[in-house]
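Both ligands and their constituent atoms are indexed starting at 1 by order of listing. Numbers for residues simply follow the sequence, beginning at 1.
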Amino acid sequence: MVAPGRVNLIGEHTDYNEGFVLPIAVDRYLCVAARGRSDRTVKIVAADFNDSDEFGLDNVQRDEQANWRNYPRGVAWVIQQNGIELKGIDAVVASDIPIGAGLSSSAAIEVGFALTFLHFVQVDVPRPTLAQWCQLAEHKFAGVQCGIMDQMIVLLGKENHALLLDCRDLSHQLVPLPSGIVFVVADTGVPRSLAASEYNIRRRQCEEAVRWLSETLGRPIRSLRDVTIEELGQVFNEMPEPIRRRARHVVTENNRVLDFQQAMREGALKRAGYLLLASHASLRDDYEVSCRELDAMVNALMSVDGVYGARLTGAGFGGACLAMVREEALPKVLEEVPKRYAEELGQNAPEPNLFAVRVSGGAWIESL
Ligand code: GLA
């Protein structure tokens with residue numbers, strides 16, 4: 001079983017507001033090698049952590065010692081909650097998706113084990129449904145109230161395409177990507193330490209914004225997806241802080257996703273680059289999920305010729321930036337950006353890690 005990492009091109013913190021996102025699956029992978037057992041025991045070796053886990057399928061519980069264990073456990077729990085009785089497996093998992101960089105190693109491990117477990121009982125679950133199950137596993141077992149983007153792209157990605165996903169009803173379209181550009185991941189080297197707690201706070205603030213807007217606009221609003229920029233503008237001055245800026249980010253970001261996918265289809269690269277930068281500014285100033293290192297990385301990237309645009313990608317609070325780069329400019333970017341990042345941050349700058357990604361397909365099973 002092979003599950004890719006993902007990078008979100010644009011549409012950040014919109015998924016749990018029933019908005020739009022545009023992620024790609026990338027050529028960094030998590031692999032699960034497994035064989036079936038005749039009992040209901042699951043044994044997993046995590047090669048990268050030099051660690052292992054063992055649990056029974058009759059009473060799957062959270063593990064308080066090592067967080068990675070909660071992903072396979074969580075998906076085993078959720079699949080069985082949906083009435084599918086699983087069989088035990090022996091498995092080894094290894095991955096080259098960097099952890100904590102915003103490439104969603106968590107969705108990859110969820111999807112990886114979900115497909116592995118289902119393979120051994122020969123049950124086919126539609127991929128969008130499976131994405132929702134994996135999301136629930138993350139809520140219940142890993143404690144992050146994540147949206148649906150990561151699991152959807154890991155399951156439904158396609159080579160050389162981005163996935164335009166409407167998180168309200170999970171309808172989706174593949175968006176062909178223009179040639180001549182390459183996407184670069186620029187990991188700041190700062191782990192996303194606050195991600196889980198601050199993430200959940202942002203989610204609550206959006207819910208608060210929805211309540212306030214429903215009352216003030218005098219009509220039922222289900223999510224920030226239902227609010228236009230004009231409507232928000234009318235009440236913006238009366239709306240309390242910080243929820244008005246949180247709302248402004250989500251409402252404007254949804255529009256940027258739709259503009260960006262159109263720009264990709266038309267090959268309008270400058271326009272697309274501008275939208276990436278606008279997204280970063282909104283995440284930094286209105287949503288407040290950036291940090292010094294992410295801002296420095298965007299500056300460093302933009303200082304090199306041939307970079308169309310850059311922004312933080314994933315939840316924020318550390319992790320990585322994404323940049324859209326003219327193909328010929330790639331060597332220069334990889335050489336220059338780490339130096340300029342160090343200059344921007346001065347002494348004690350963390351070690352960055354830059355790499356170009358290829359747009360991969362979604363998770364697949366390889367049987368021997
Ligand atoms: C994390 C979550 C996603 C999404 C992003 C922010 O990656 O898992 O669901 O909310 O943050 O866009």
Side-chain angles (χ1 to χ4, degrees), residues 3-26 28 30 67 70-71 74-75 97-111 128 131-157 162-168 170 172 185 187 191-207 223-225 246 249-254 256-257 260 276 279-280 282-284 286-291 294 311-322:
R6 73 97 183 87
V7 174
N8 189 17
L9 298 185
I10 195 161
E12 221 62 86
H13 292 278
T14 46
D15 61 352
Y16 53 84
N17 290 299
E18 301 192 338
F20 300 104
V21 292
L22 191 74
I24 52 174
V26 299
R28 291 292 183 111
L30 174 132
N67 199 36
N70 288 315
Y71 297 98
V75 292
I97 305 171
I99 293 173
L103 266 68
S104 204
S105 53
S106 50
I109 189 170
E110 289 154 17
V111 165
Q132 289 174 309
W133 293 2
C134 290
Q135 179 194 22
L136 187 63
E138 184 152 346
H139 288 189
K140 298 274 186 209
F141 274 67
V144 178
Q145 301 300 309
C146 65
I148 190 70
M149 162 172 71
D150 304 343
Q151 294 78 7
M152 283 291 283
I153 182 65
V154 170
L155 280 157
L156 293 166
L163 185 75
L164 174 63
L165 173 65
D166 181 340
C167 299
R168 164 153 281 171
L170 300 193
H172 49 274
V185 171
D187 187 352
R192 297 175 313 144
S193 50
L194 278 172
S197 57
E198 285 290 332
Y199 185 92
N200 294 345
I201 292 173
R202 292 298 178 285
R203 222 184 143 131
R204 281 204 299 278
Q205 290 171 335
C206 290
E207 286 160 12
S223 74
L224 288 175
R225 160 71 176 281
R246 306 294 187 254
H249 166 70
V250 174
V251 173
T252 56
E253 184 80 349
N254 275 330
R256 282 187 289 269
V257 176
F260 185 91
L276 294 178
S279 170
H280 184 78
S282 178
L283 287 159
R284 181 190 62 211
D286 276 355
Y287 219 66
E288 294 181 289
V289 294
S290 189
C291 62
L294 284 165
R311 61 175 207 89
L312 73 86
T313 184
F317 314 105
C321 291
L322 155 85

Problem - For E18, all residues meeting side chain to side chain contact (heavy atoms under 4.5 Å, CB included), sequence neighbours excluded - result: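 Result, side chain to side chain contact (heavy atoms under 4.5 Å, CB included) vs E18: R168, R222, S223, R225.
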Handout entry: Per-residue contact class, Q135 against ligand 1 - non-hydrogen pairs under 4.0 Å
Key =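 Contact part for Q135 vs ligand 1: neither.
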Exercise for the section: Enumerate the atoms of ligand 1 whose separation from the nearest heavy atom of G147 is less than 4.0 angstrom. Expected result: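 Numbered from 1, ligand 1 contributes 9 (O).
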Handout entry: Protein contact to atom 9 (O) of ligand 1 [nearest heavy atom, distance to 0.1 Å]
Key =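 Sorting protein heavy atoms by distance from atom 9 (O) of ligand 1 puts D15 OD2, 2.5 Å first.
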Exercise for the section: Report yes if some N/O of E12 lies less than 3.5 Å from some N/O of ligand 1; otherwise report no. Expected result: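 By distance alone, the answer is yes.
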Practice task
Would you check the N or O atoms of Y16, main chain and side chain alike, for any that come under 3.5 Å of an N or O of ligand 1?
Solution key: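 No: no nitrogen or oxygen of Y16 is under 3.5 Å from one in ligand 1.
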Exercise for the section: May I ask you to decide if A142's main-chain N or O and N67's side chain share a donor-acceptor pair within less than 3.5 Å? Expected result: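 Side chain of N67 to backbone of A142: no pair is present.
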Problem - Any N/O pair D150/ligand 1 closer than 3.5 Å - result: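 N/O-N/O distance under 3.5 Å: yes.
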Problem - Heavy-atom nearest neighbour in the protein, as seen from atom 5 (C) of ligand 1, with distance rounded to 0.1 Å - result: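 Closest protein heavy atom to atom 5 (C) of ligand 1: M149 CE, 3.8 Å.
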Practice task
Answer yes or no: is there an ion pair linking E207 with R204, defined by an N-O contact shorter than 4.0 Å?
Solution key: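 No.
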Handout entry: Numbered atoms of ligand 1 (with element) below 4.0 Å of Y199, judged on heavy atoms
Key =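 Numbered from 1, ligand 1 contributes 1 (C), 2 (C), 3 (C), 4 (C), 9 (O), 10 (O), 11 (O).
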Practice task
Quick one: list whatever passes side chain to side chain donor-acceptor pair (under 3.5 Å) with R203, sequence neighbours left out.
Solution key: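 So R203 forms no side chain to side chain donor-acceptor pair (under 3.5 Å) with any residue.
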Handout entry: Exam field: side chain T313 to backbone N8, donor-acceptor pair closer than 3.5 Å
Key =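 Here the side-chain-to-backbone pair exists.
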Exercise for the section: Report yes or no: does a heavy atom of R6 sit under 4.0 Å from some atom of ligand 1? Expected result: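 Flag set, R6 near ligand 1.
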Problem - Check: E110 side chain, Y71 main-chain N or O, donor-acceptor pair, under 3.5 Å - result: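 Not at all, since once roles are kept as given, no pair shorter than 3.5 Å links the two residues.
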Handout entry: Parallel, tilted or perpendicular: ring planes of Y199 versus H13, cut at 30 and 60 degrees
Key =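 Judged by the thresholds at 30° and 60°, the geometry between Y199 and H13 is tilted.
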